[in-house]
There are 2 protein chains.
Amino acid sequence: MKLLPPAFRLPVAATIYDIAERANVSTATVSRVLNKPAEVSASTRSRVLEAAQELNYQPHASAQNLARQHTNYIAVVAPVVANYFYMHVMRGIQHVLADREYDLMIHVPSHPEDIDKRLKSAIQPGRSDGVLLLSTPPNESWADRIKDVGRPTILVDAYHPDIESIAVDNERGGYDATRHLIDLGYERIAHITADPEPPPATQRREGYERALREAGRDIDPTLIAASDALPFAFAEKGGYQAMQALLRRQPRPDAVFAASDMQALGALDAVQEAGLSVPEDIAIVGFDDTDLSRFAGLTTLRQPAEAMGKRATEALLRHIENENQPVSSTVLAPQLVVRRTCGAESSSVSANGQAPNKPSTASESTPPS
Amino acid sequence: MKLLPPAFRLPVAATIYDIAERANVSTATVSRVLNKPAEVSASTRSRVLEAAQELNYQPHASAQNLARQHTNYIAVVAPVVANYFYMHVMRGIQHVLADREYDLMIHVPSHPEDIDKRLKSAIQPGRSDGVLLLSTPPNESWADRIKDVGRPTILVDAYHPDIESIAVDNERGGYDATRHLIDLGYERIAHITADPEPPPATQRREGYERALREAGRDIDPTLIAASDALPFAFAEKGGYQAMQALLRRQPRPDAVFAASDMQALGALDAVQEAGLSVPEDIAIVGFDDTDLSRFAGLTTLRQPAEAMGKRATEALLRHIENENQPVSSTVLAPQLVVRRTCGAESSSVSANGQAPNKPSTASESTPPS
DNA sequence: CCTATACATGTAAGCGCTTACATAATGAAA
DNA sequence: TTTCATTATGTAAGCGCTTACATGTATAGG
């Protein structure tokens with residue numbers, strides 16, 4: 001080991017070769033004491049450990065990944081980062097990964113065309129051991145690709161028959177939301193969705209329509225407003241614009257079910273800006289139940305985001321760690337959270353608008369694949 | 001290439017060897033067409049490309065990382081995921097990374113003792129090309145370690161003389177918040193912090209104290225409430241508990257400056273729960289300006305989180321891509337955002353509690369290091 | 001026609017680690 | 001003492017890619 005003055009010593013990390021030399025053993029032995037210490041005698045083990053200590057050794061992750069044929073990385077692709085729903089899903093993911101030796105890699109497309117690039121990256125060989133696709137339903141071509149590559153993959157808030165998935169029952173949520181509004185006596189119930197309409201939005205709309213039909217009402221297409229889905233379908237701005245359109249209808253709707261909380265919040269803004277009040281003039285129900293909704297007093301359908309993240313990650317690890325798990329798709333029931341904006345203000349509501357806990361209606365099913 | 005029936009073909013990815021064989025060239029040539037296509041003749045280039053196409057080739061990331069001696073990964077370590085401030089910082093990071101070929105790795109400690117493990121992982125050889133430390137001030141030992149390892153590192157919302165950093169002027173923010181309350185005529189201005197107190201909280205408290213002193217008032221230690229910092233110092237629960245304590249003081253404080261918006265929101269809850277109202281009985285000012293605050297009508301000091309993420313990432317890339325950048329530390333001025341909870345309701349306020357845009361007081365300085 | 005030059009491709013040595021297999025050393029059984 | 005396990009260690013071949021260098025081939029200049 002030739003010494004150079006500190007200023008000129010490049011910060012080049014020690015390798016197992018350095019340790020081997022210093023401890024007078026082969027690199028194989030070094031590797032063994034680091035990975036399966038039981039297989040090496042106590043005396044050389046301590047000699048090696050000491051050398052490693054002195055050299056401040058840290059294994060080179062890429063080299064390990066290459067040699068071991070796995071990375072201990074989990075890739076997640078999500079449409080956006082700064083969003084309450086994904087944030088909570090991430091918390092769930094992070095929660096189960098905390099005790100395990102996996103690191104999290106996150107891929108977020110910067111625009112819709114970027115999705116392909118991100119997906120490709122996520123399933124690229126040597127990049128991750130498994131991938132979590134949040135609100136990113138794969139088309140057939142991608143589904144094939146995923147199966148071909150054989151990289152364990154779980155869909156969250158999306159569905160495909162051949163890939164394990166976990167999602168909320170969106171149709172039911174849409175139904176429950178609308179039904180709630182009907183029961184409260186609203187007459188002209190509008191709906192806010194996005195265009196193009198992501199699959200979950202479609203299902204929510206279908207639930208909305210079913211509730212209306214079941215109540216013997218016609219579906220008035222002029223009461224369904226689809227806002228521009230870019231950059232993110234469920235964003236606040238879309239709800240704001242869609243609501244503005246709805247306010248121009250004659251007669252005006254007296255209630256709105258928005259496909260997301262962010263849209264609902266945008267709608268709320270638009271209503272108030274028009275000098276009307278919620279829920280007196282127009283009632284609003286959202287979908288998601290982000291923290292924001294609590295503060296805004298939004299009535300909404302709760303998606304158990306954190307739980308979804310947790311369960312998805314557990315499923316993913318199961319697939320990574322034992323081959324040949326059957327693929328299952330589980331659907332969670334969303335839960336109606338009644339707050340201020342629907343005008344159902346019957347029971348007392350706590351300071352922050354949180355409704356008293358309703359009996360849980362959550363249920364789930366894991367249909368055979 | 002021996003063919004097996006599909007069911008038995010393990011999904012083993014094609015390598016450059018497969019391509020080389022199929023295109024009748026050496027692996028060096030394959031690598032060249034993939035990386036520096038200009039150096040190879042058009043005819044063999046297309047032959048290779050075709051073979052790659054047919055084999056559905058994707059390079060093995062770990063192998064590339066090992067051979068190239070860099071990963072194109074950026075590691076970020078943040079104390080929590082599900083938090084509005086970090087979410088926005090992340091958005092900034094993601095935004096600048098979008099066009100570049102870097103992927104994001106995120107490390108979040110599951111509890112305070114876990115930080116070491118995460119930091120170690122973040123700077124481990126072969127794991128990232130650079131690291132962003134959010135609200136994670138390194139102690140001396142870690143600072144040394146980081147310098148030794150030579151991995152480019154940027155501190156966000158933290159400071160260390162030897163490491164590039166970007167943060168808001170917390171002392172000034174604390175001063176401005178308190179000053180605002182003083183100017184509005186409040187007499188007994190309390191403060192909510194955390195215990196142990198993270199450095200930014202200390203600075204905010206110092207600003208609070210300076211404003212008080214400057215106004216010729218005494219600092220009443222019974223008006224400074226420090227809540228339990230776990231699991232996350234700036235969390236809602238802490239503010240709630242601290243506020244409960246403050247409400248027991250005689251005479252009661254008539255205003256509170258909380259070290260974070262989440263704490264402020266918790267405090268707001270506590271006040272309302274006690275049957276008092278904001279701002280009539282007690283005024284509240286927070287720090288951060290998350291979206292939550294907008295909906296809650298919270299007066300607060302805005303930290304430009306997204307901009308911080310952006311600039312930190314740009315700085316990081318600068319360090320990664322050209323050696324020997326000088327280390328600089330930049331501090332941004334926080335900006336007072338007046339809303340409902342401080343009782344300054346002079347000007348009209350838009351529907352969601354957003355104050356009309358004040359002239360920006362933002363400024364910044366980049367002291368020589 | 002010979003040589004110098006440029007360009008295209010191949011050879012092989014890494015990058016830092018893991019691991020199957022071979023070898024050596026030790027002690028117990030015969 | 002010889003033999004056979006058993007255990008500890010070393011040897012070397014990968015993992016899949018990149019790249020310095022060597023070699024080969026075509027082209028232009030003399």
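So you know, we letter chains A, B, ... as the sequences are listed, proteins then strands, and number each from 1. All of these numbers come straight from a predicted model, not from anything done at the bench.
A distance-only check finds a donor-acceptor pair linking the side chain of B:Arg151 to the backbone of B:Ser128 [under 3.5 Å].
If you check the side chains of B:Thr71 and B:Asp129, you find a donor sitting under 3.5 Å from an acceptor.
The residues B:Arg118 and B:Asp114 are annotated as salt-bridged, a charged nitrogen and a carboxylate oxygen being separated by less than 4.0 angstrom.
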Determine, for nucleotides 13-26 of chain D in 5'-to-3' order, which nucleotides have protein heavy atoms under 4.0 Å from the base (write B), from only the sugar-phosphate (write S), or from neither (write -).
-> -BBBBBBB------
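Look at CG on B:Asn24: it is 13 Å from C1' on C:dG10, rounded to the nearest Å.
Residues A:Val40 and A:Thr29 are in side-chain contact: their nearest non-hydrogen atoms beyond the backbone lie under 4.5 Å apart. Contact check for B:Asp116 versus B:Lys120: no side-chain heavy atoms found under the 4.5 Å cut-off.
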